[in-house]
**Student:** 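I am attaching a structure below and will ask some questions about it afterwards.
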Amino acid sequence: MKIVLLAGGFGTRIARETELVPKPMIEIGGMPILWHIMKEYSFYGFNEFIVCAGYKQHVIKEWFADYFLHTSDITFDFTQGNKVIVHNKYSEPWKVTVVDTGYDTMTGGRLSRIQQYIEEDMFMMTYGDGVCDVDIGKLLKFHKKHGKIATLTAVMREEQKGILDIGGDNAVRSFREKNVRDSRPINAGYMVLNNKIFDYLKGGDSVIFEKEPLQQLAAEGQLMSYMHQGFWQCMDTEREKKILETLWASGNAAWKKW
């Protein structure tokens, strides 16, 4: 089964990093977050990936082209015509297709552009900027059981600010700090989609997957949520990158199952 990774956005909220590389190539523990996500899926036996690239797409292509340079010791022997010797050669059991899905293309448009690479009736998709310890095998089993077109992984996200009770006259009637009861489910990605999803992506590059397509699926009863109680963390900001770096360095990276 193929895994589609959305990796073409600009990452404007972490702009200091994305001036040089696309957001999925920002490193956590010395490896791109995209690599971490792929290692998660590979742990469950899913090793065929389609990367929907866009902004600085050449960086992603060049990184995979030079994978041995990133993961092995290399001898450059200039005495023998610049001979290159790769030591302790290690490669992942991956097949990776990197597709340039356009510079300004929205998420739904990016997905529609890779339809030609999806031959099976079902595939998985997630965003290239968040890691999770969801059990991919159980997620897939859940999707197959309910028979709907789409499943997304939902996680509980706590409110970030204090809670106000505001009356009709704009007077604040009460204030309290946030607590666990204020958590709300959000879309964490890690989706399973049937091939019929492409029927909901008409409209070209401007289609935003999280708007009309998902809203229509929900209205038709074709969108299910798989509630995940464990770890999930996106990397939209420098602060969130620091969170992931700290977890990795401390040996507490919940997503590292391999």
Side-chain angles (χ1 to χ4, degrees), residues 1-7 9 11 13 23-24 28 33-34 36-44 46 49 52 106-108 110-111 122-161 163 178-201 207-237 239-241 243-244 247 252-257:
M1 181 178 294
K2 292 183 174 66
I3 313 301
V4 175
L5 304 171
L6 294 178
R13 285 187 286 178
K23 186 162 67 164
I28 301 298
I33 191 170
L34 186 68
H36 289 261
I37 297 167
M38 294 169 72
K39 291 285 284 186
E40 293 177 63
Y41 280 102
S42 189
F43 174 80
Y44 289 98
F46 300 102
F49 300 92
C52 298
M106 298 292 102
T107 49
R110 294 192 190 283
L111 183 55
M122 192 180 303
F123 64 98
M124 288 187 272
M125 184 187 82
T126 196
Y127 303 101
D129 61 356
V131 287
C132 184
D133 66 348
V134 63
D135 188 317
I136 302 296
K138 290 182 179 179
L139 169 63
L140 183 58
K141 183 178 180 180
F142 173 81
H143 177 81
K144 290 179 176 179
K145 184 176 181 180
H146 65 62
K148 305 296 184 180
I149 293 176
T151 299
L152 59 80
T153 296
V155 296
M156 300 303 292
R157 194 67 162 175
E158 290 186 7
E159 296 287 352
Q160 299 297 309
K161 307 296 181 182
I163 307 301
K178 60 187 180 296
N179 60 45
V180 69
R181 291 179 298 171
D182 302 313
S183 298
R184 66 200 191 282
I186 64 168
N187 172 20
Y190 289 85
M191 303 179 191
V192 187
L193 304 169
N194 292 359
N195 220 306
K196 292 180 181 178
I197 192 66
F198 294 108
D199 295 336
Y200 293 78
L201 302 176
V207 176
I208 300 174
F209 182 70
E210 298 76 14
K211 291 189 175 181
E212 288 82 1
L214 287 188
Q215 290 168 2
Q216 184 179 349
L217 286 165
E220 295 176 2
Q222 290 292 332
L223 177 62
M224 301 291 286
S225 66
Y226 180 80
M227 291 302 302
H228 175 56
Q229 304 297 330
F231 177 87
W232 172 82
Q233 179 63 57
C234 64
M235 189 188 64
D236 280 337
T237 65
R239 182 186 68 84
E240 290 169 338
K241 177 181 183 292
I243 290 172
L244 293 175
L247 289 171
N252 294 315
W255 69 92
K256 185 182 183 297
K257 294 187 176 183

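Heavy-atom basis, side chains included; hydrogens, waters and symmetry copies ignored.
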**Student:** Between side-chain atoms of residues 207-217 and protein atoms elsewhere (two or more places apart, or another chain), which donor-acceptor pairs fall under 3.5 Å?
**Tutor:**
from: E210; atom 1: OE1; to: T107; atom 2: OG1; distance (Å): 2.8
from: E210; atom 1: OE2; to: Y127; atom 2: OH; distance (Å): 2.6
from: Q216; atom 1: NE2; to: E220; atom 2: OE2; distance (Å): 3.0

**Student:** What pair of heavy atoms forms the shortest contact from M122 to H143, and how long is it?
**Tutor:** SD-CD2, 3.7 Å

**Student:** Is the backbone of V131 close enough, under 3.5 Å, to the side chain of H36 for a donor and an acceptor to pair up by distance?
**Tutor:** no

**Student:** If the condition is side chain to side chain donor-acceptor pair (under 3.5 Å), which residues does K257 pass it with, not counting sequence neighbours?
**Tutor:** Y44

**Student:** Please name the pair of heavy atoms, one in I33 and one in G130, separated by the smallest distance, quoted to 0.1 Å.
**Tutor:** CD1-N, 4.0 Å

**Student:** Heavy atoms, side chains only, cut-off 4.5 Å: are I3 and I37 in contact?
**Tutor:** no

**Student:** Less than 4.5 Å apart, any side-chain heavy atom of Y226 and any of V192?
**Tutor:** no

**Student:** As a quick check of understanding, evaluate ring-ring contact (aromatic ring centres under 6.0 Å, His included) for F123 and F198, giving each step before the final call.
**Tutor:** CA-CA 12 Å; F123 64 98; F198 294 108; 5.7 Å; yes

**Student:** Only counting residues at least two apart or in another chain, list the ones meeting side chain to side chain donor-acceptor pair (under 3.5 Å) with T153.
**Tutor:** none

**Student:** Mind checking side chain to side chain donor-acceptor pair (under 3.5 Å) for E40 and listing every partner two or more places apart, or none if nothing turns up?
**Tutor:** Y190

**Student:** What residues, two or more places apart in sequence or in another chain, satisfy side chain to side chain donor-acceptor pair (under 3.5 Å) together with D133?
**Tutor:** H228

**Student:** I want to check something: taking the side chain as every heavy atom from C-beta on, are I186 and V155 in contact at a cut-off of under 4.5 Å?
**Tutor:** yes

**Student:** Please enumerate all residues that pass salt bridge (charged side-chain N to carboxylate O under 4.0 Å, His left out) together with K2, with sequence neighbours excluded.
**Tutor:** E48, E119

